[in-house]
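So the structure is just underneath, and the comments pick up after that.
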Amino acid sequence: MKPFIYETMYILRPDLNEEQVEQEIAKYKDLLQEQGAYDIEIQHRGKRRLAYEINDHREGTYIQMNYQGPPTQIAVLERAMRLSEEVIRYLTIKQEVPKNTTPDTTAPDTQERPEPLAAAVE
């Protein structure tokens with residue numbers, strides 16, 4: 001099975017104080033670790049205005065988590081978020097782990113470059 005990098009972005013209710021926000025972050029981090037996740041990075045993005053109203057809230061506290069692990073952890077994490085009254089939205093995406101992070105300089109340049117969409121006007 002290929003390893004994947006997961007990114008989960010979730011929005012907490014704006015009326016939570018900083019201590020409650022930290023408790024929620026710790027709760028989901030611990031849940032991921034119990035499910036076998038590793039390389040967990042958490043970014044607290046702060047309180048921001050929502051694009052549209054969600055459950056009578058115009059603002060929310062954004063949290064982003066990047067991690068690796070088995071795909072079974074996603075269902076457990078998202079179920080916990082769905083049942084939580086503190087989380088108003090969440091989204092998880094996955095990406096394949098790059099096999100080689102350094103560019104291969106010995107391979108010929110076989111990628112075709114796209115042609116410009118419009119010609120230059122003189």
Side-chain angles (χ1 to χ4, degrees):
M1 185 181 328
K2 292 182 181 179
F4 291 101
I5 298 174
Y6 295 96
E7 178 181 302
T8 300
M9 177 75 89
Y10 57 100
I11 306 171
L12 298 172
R13 286 191 347 240
D15 57 344
L16 299 177
N17 63 34
E18 199 59 36
E19 183 179 317
Q20 290 171 315
V21 169
E22 293 301 322
Q23 287 175 353
E24 290 297 310
I25 292 171
K27 177 173 82 171
Y28 295 121
K29 182 179 179 181
D30 292 343
L31 182 64
L32 283 174
Q33 288 174 334
E34 289 171 8
Q35 296 299 316
Y38 55 95
D39 289 343
I40 301 172
E41 295 177 23
I42 297 177
Q43 297 177 19
H44 186 292
R45 302 249 178 207
K47 193 178 289 189
R48 297 184 181 198
R49 185 166 178 83
L50 301 173
Y52 54 90
E53 194 170 300
I54 302 173
N55 299 337
D56 297 326
H57 298 292
R58 294 294 301 159
E59 293 184 329
T61 304
Y62 284 69
I63 311 296
Q64 178 182 341
M65 297 190 305
N66 296 68
Y67 49 94
Q68 293 185 35
T72 56
Q73 68 192 348
I74 303 304
V76 175
L77 176 67
E78 288 187 348
R79 182 176 191 280
M81 288 183 175
R82 186 173 45 252
L83 296 175
S84 173
E85 292 183 10
E86 285 75 24
V87 177
I88 57 177
R89 279 289 190 274
Y90 60 88
L91 177 69
T92 301
I93 61 170
K94 73 175 179 177
Q95 301 171 330
E96 286 189 37
V97 175
K99 291 181 181 178
N100 187 2
T101 56
T102 59
D104 187 8
T105 56
T106 60
D109 186 16
T110 57
Q111 270 190 332
E112 294 182 22
R113 289 184 175 75
E115 294 183 25
L117 296 176
V121 178
E122 292 181 15

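Values reported hereafter were calculated over all heavy atoms of this structure, with side chains retained and with hydrogens, waters and symmetry mates removed. Start at 1 with the first residue, then count along the sequence.
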Backbone N/O of Pro70 and side chain of Gln73: donor-acceptor pair under 3.5 Å: yes

- prompt: Under 4.5 Å between side-chain heavy atoms, hopping through other hydrophobics if needed: is there a path connecting Ile25 to Val76?
  reply: yes

message: Under the side-chain contact (heavy atoms from CB on, under 4.5 Å) test against Tyr10, which residue among Leu77, Thr61, Ile63, Thr92 passes?
response: Ile63

query: Would Ile40 end up clustered with Met81 when hydrophobic side chains under 4.5 Å apart are linked, directly or stepwise?
result: yes

task: May I ask you to check whether over 12 heavy atoms, not counting those of Glu53, lie within 6.0 Å of atom CD?
output: yes

task: Could you tell me the separation between the CZ atom of Arg13 and the CD atom of Glu85, rounded to the nearest 0.5 Å?
output: 7.0 Å

task: Evaluate the side-chain proximity of Pro71 to Lys94: yes if any heavy-atom separation is below 4.5 Å, no if none is.
output: no

message: Donor-acceptor pair, distance only, cut-off 3.5 Å: does the side chain of Glu34 make one with the backbone of Leu31?
response: no

- request: Please list, chain by chain and in numerical order, all residues satisfying ring-ring contact (aromatic ring centres under 6.0 Å, His included) with Tyr90, sequence neighbours excluded.
  value: none

message: What's the separation between atom OH in Tyr6 and atom CD in Gln68, rounded to the nearest 0.5 Å?
response: 9.5 Å

query: Can you check side-chain contact (heavy atoms from CB on, under 4.5 Å) on Ile11 and Tyr62, steps first, answer last?
result: CA-CA 5 Å; Ile11 306 171; Tyr62 284 69; 3.7 Å; yes

task: Assess whether atom CZ of Arg79 is packed by more than 12 heavy atoms of other residues, nucleotides or ligands within 6.0 Å.
output: no

task: In sequence, state the C-alpha distance, the side-chain angles, and the governing distance for Val87 and Leu12, and then conclude on side-chain contact (heavy atoms from CB on, under 4.5 Å).
output: CA-CA 5 Å; Val87 177; Leu12 298 172; 3.7 Å; yes

message: Could you check whether any side-chain heavy atom of Tyr28 comes within less than 4.5 Å of a side-chain heavy atom of Ile42, counting everything from C-beta outward?
response: no

- request: Check for a donor-acceptor pair, side chain of Asn55 on one end and backbone N or O of His57 on the other, with a separation under 3.5 Å.
  value: no

- request: Rounded to the nearest 0.5 Å, what's the gap from CG on Asn66 to CD on Gln43? Could you check?
  value: 6.0 Å

- prompt: So do Gln95 and Glu7 actually touch side chain to side chain, heavy atoms under 4.5 Å?
  reply: no

Closest approach of Leu16 to Gln20 (non-hydrogen atoms, all atoms of both residues): CA-OE1, 3.4 Å

message: For the backbone of Glu59 and the side chain of Lys47, can you confirm whether one donor and one acceptor N or O come within less than 3.5 Å of each other?
response: no

- request: State, with a plain yes or no, whether a side-chain heavy atom of Leu32 is found less than 4.5 Å away from one of Thr8.
  value: no

task: Spell out, yes or no, whether Tyr67 and Leu91 are grouped together once hydrophobic residues are joined by side-chain heavy atoms under 4.5 Å, including indirect joins.
output: no

query: Hey, does Glu22 have a side-chain heavy atom less than 4.5 Å from the side chain of His44?
result: yes

- request: First locate atom CD of Glu86, then atom NZ of Lys27, and finally report the distance between them rounded to the nearest 0.5 Å.
  value: 6.0 Å

